[in-house]
Amino acid sequence: MGIHSKQSTFGITRISNKSLMMVLLSLGLSFLSGPQAAAANAEKAYVPPLAATPMNHIVQNALVPQIDYLFQKLRKEKTTLALDGEPAFNGKDKFLPGKIAAGLGHLLLNMPANDPKRAQYLSDYRDIADMTIDMDNHTWGIYYYILTLYQLKKAGMLEQAVTPQTLALLKKKLDWKTFVTTPDFKLINLPTNYYGVAFSIARLRMLMGWEDEADSKILLDKMLRHYETYSGTFGFSDETDGEGRFDRYSILLIAEICQRFMETGLTVTPELKGLLRKAAEVALNMANTSGDGFSYGRSLGPYGETAALEILAVSAELNVLTAEEKPYAYAYATTIVAKYADFWYDPAIHSVDMWGKGRRTDAYRGKHRILGENFSLLHQLIYTNAIWNKIGFADQAPKKDFQAWLDKTRAPFTMTWFAKGEYDRALATFRDKNHVFNLLMVNGGSSQHDNSPYYPLPFSPNMIAGVADSGAGHPQLLPKFTMADGSELLGTAYIKNIRVKKDGATQRIDYQQDALTRLGAKGPIKDTRIQLETSYALASGVITRTDKYTSKQPQAIDKVSLEFGSFSSDASIVGNKVKFAKGTVDAFEVSGLSSCTVEKTNGNPDFQAPTGPMQTHVQCIATKLTLKDPLIIKWTLRYH
């Protein structure tokens, strides 16, 4: 197409806006945003408008200008800066100085040495570094900052970008000892995966000439021992000390470890590459043409997608992916970047938007972190693009047969085991009609067990979703028992004896729970009054869940309820069957409960997912019963 491009010294190929516009017009791409495009034709699956554009073109023409906008805004407004009405320097983002340093550092590193604006940008960077030097900057913020300083040092710009006085202060402040005790090397009130952050900081301090490598070796050993201890036989790290919480962090962590090795000059061992291959398999199994990523666990939204992006970029650079897989992994990664530029970024507010348009995210990623979230996400998107450029994909258009390749090479059903023992922990992935379902079977553990993103459900974007920090007020698709004594029980944490069976064209997953979870505490409480046998049947266009509840002694129950927050709309109900005129879910039917009702959600935040609002709330109940004989509750969901 006659695109003229120029490769920078730091892995980002720079192209003109005019060239990108020619590409877009030649492809006949729409400039509607994600929600607008979906509304224009609700029956078609969302595909980001720029999905066929080379990743580097999207980064250079859509993402780097966003950093530049934030740079100029910071330069002018300093600590009074606000985005979408939210003051950025509110003291609530403890990583912000490091994120600012990393985000703005990409501009300097991407700028040609002869660019006439370079001197001014370096001067502004110095001013911003001086401005943020006394602000709180913890753990990840320390890592982001020192990584950027090391990159600037390698590029010969450190002395120009940071004053000697500020650099001397940073040498004291950017220290892993702020969250690790010595000489016993224990983390200070942090999860054990923070050993990886501490190791990275120590290693970078050594590369900066600020300390020797002795402590980084100890922290490296701590990090690898933690991973070995909590990943067990199957190679995925438990987010807790053995409770059984597995989520996107569990799968991403090995990629982060390998990336820390590479960025600090260490050789990634064959053992680590073997673990990374397992994470790459999970990422490839959920690959799709919409740019969707992880759909379960905490901290989703764009981070659910950049997690897949990071796993596949690191896997490609380390040749953990095969020669055949790499271009299709690149196609998936490009789709993720294209979705960010179209769906997550809102040009009206010059920011990523995880909080508006009916979207909801975890409280700790609240809007008070709006500036830092922009910089951290842009950092992930830009550094992974640099990896693809480095290994030969700069300015390459993604493969056009991406979906066909997925259909040919990715199995319709896969099981990923996390742990086996007293309780089983696993992930079942089912691919059908270009949809990807991830049936998560874990224990959310302390602080997460009652939140719907950790329920044993077949999550699928815009079809079945959890709600961040939901609690169990409206438990998605799980029967909730309100006992005569007022206690509430839910079948979440005590999954055992997972069995998988193929029955003709239907895939079955069965498991048992020897107790239900009593709600109301930070962690799950085992309540043995009721036992549960669950069976999922997954077939093309239809998912059925059957629950059989039993008790060794008669149990008085005040109410059993089952709720479904659906993205589909225009609902009608006959008996216990709901039909939807709009949306991917066509029908939802329940048996075993007395009656069902249906209503619009009308913007209720209890029904807001990371990607946007659910439209319809279905509730089915039965009241005043005694559990003597088995109680069987079944729901069936039909989709297209």
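Note that the numbering runs from 1 along the sequence shown for the chain.
Side chain of Asn385 to backbone of Val59: no donor-acceptor contact under 3.5 angstrom is found. Checked by atom type and distance alone, the side chain of Asp401 never pairs as donor or acceptor with a backbone atom of Ala404 at under 3.5 Å. Between the side chain of Arg360 and the backbone N or O of Val467, no donor-acceptor pair lies under 3.5 Å. No side-chain donor-acceptor contact under 3.5 Å links Asp362 to the backbone of Tyr364. Here the side chain of Gln396 pairs a donor or acceptor atom with the backbone of Gly392 at under 3.5 angstrom. Ser250 places a side-chain N or O within donor-acceptor distance of the main-chain N or O of Ser237, the cut-off being under 3.5 Å.
Classification of Glu281 and Arg410 as a salt-bridged pair holds, one side-chain N sitting under 4.0 Å from a carboxylate O. Between Asp407 and Arg431, none of the side-chain N atoms (NZ, or NE/NH1/NH2) sits under 4.0 Å from a carboxylate O, so this pair counts as no salt bridge. Arg425 has no carboxylate O lying under 4.0 Å from a charged side-chain N of Asp238, or vice versa, which leaves the two without a salt bridge.
Ring pair Phe294/Tyr296 is perpendicular by interplanar angle, where above 60° counts as perpendicular and below 30° as parallel.
When the ring pair (Phe, Tyr, Trp, His ring centres under 6.0 Å) test is applied to Tyr249, no partner is found at least two apart in sequence or on another chain. Under the salt bridge (charged side-chain N to carboxylate O under 4.0 Å, His left out) criterion, Asp346 pairs with Lys357, sequence neighbours left out. Here Ala88 pairs with Leu81, Leu371 under the side-chain contact (heavy atoms from CB on, under 4.5 Å) rule; sequence neighbours left out. With sequence neighbours left out, His368 forms a ring pair (Phe, Tyr, Trp, His ring centres under 6.0 Å) with no residue at all. By the ring pair (Phe, Tyr, Trp, His ring centres under 6.0 Å) test, Tyr330 pairs with Trp388, Phe393, sequence neighbours left out.
The side-chain heavy atoms of Leu406 and Tyr332, taken from C-beta on, include no pair separated by under 4.5 Å.
More than 12 heavy atoms of other residues, nucleotides or ligands lie within 6.0 Å of NZ in Lys94, so this atom counts as buried by the packing criterion. With a 6.0 Å radius and a threshold of 12 heavy atoms from other residues, nucleotides or ligands, Gln72 has its CD atom above the threshold.
A side-chain donor from one of Ser376 and Tyr303 sits under 3.5 Å from a side-chain acceptor of the other.
Note on residues 308-335: pairs passing salt bridge (Lys or Arg N to Asp or Glu O under 4.0 Å), not counting sequence neighbours, are Arg277-Glu325, Glu317-Lys390.
Centroid-to-centroid, the aromatic rings of Phe402 and Trp405 stay 6.0 Å apart or farther. Aromatic pair Tyr69/His350: ring centres closer than 6.0 Å. Residues Tyr121 and Phe71 bring their aromatic ring centres within 6.0 Å.
Rounding to the nearest 0.5 angstrom, the gap separating the CG atom in Asn462 from the CE atom in Met614 is 10.0 Å. In this structure, Leu83 CG and Leu70 CG are separated by 6.0 Å, a value rounded to the nearest 0.5 Å.
Geometric assessment of Arg359 against the ring of Phe343 yields a positive cation-pi assignment under the 6.0 Å and 45° thresholds.
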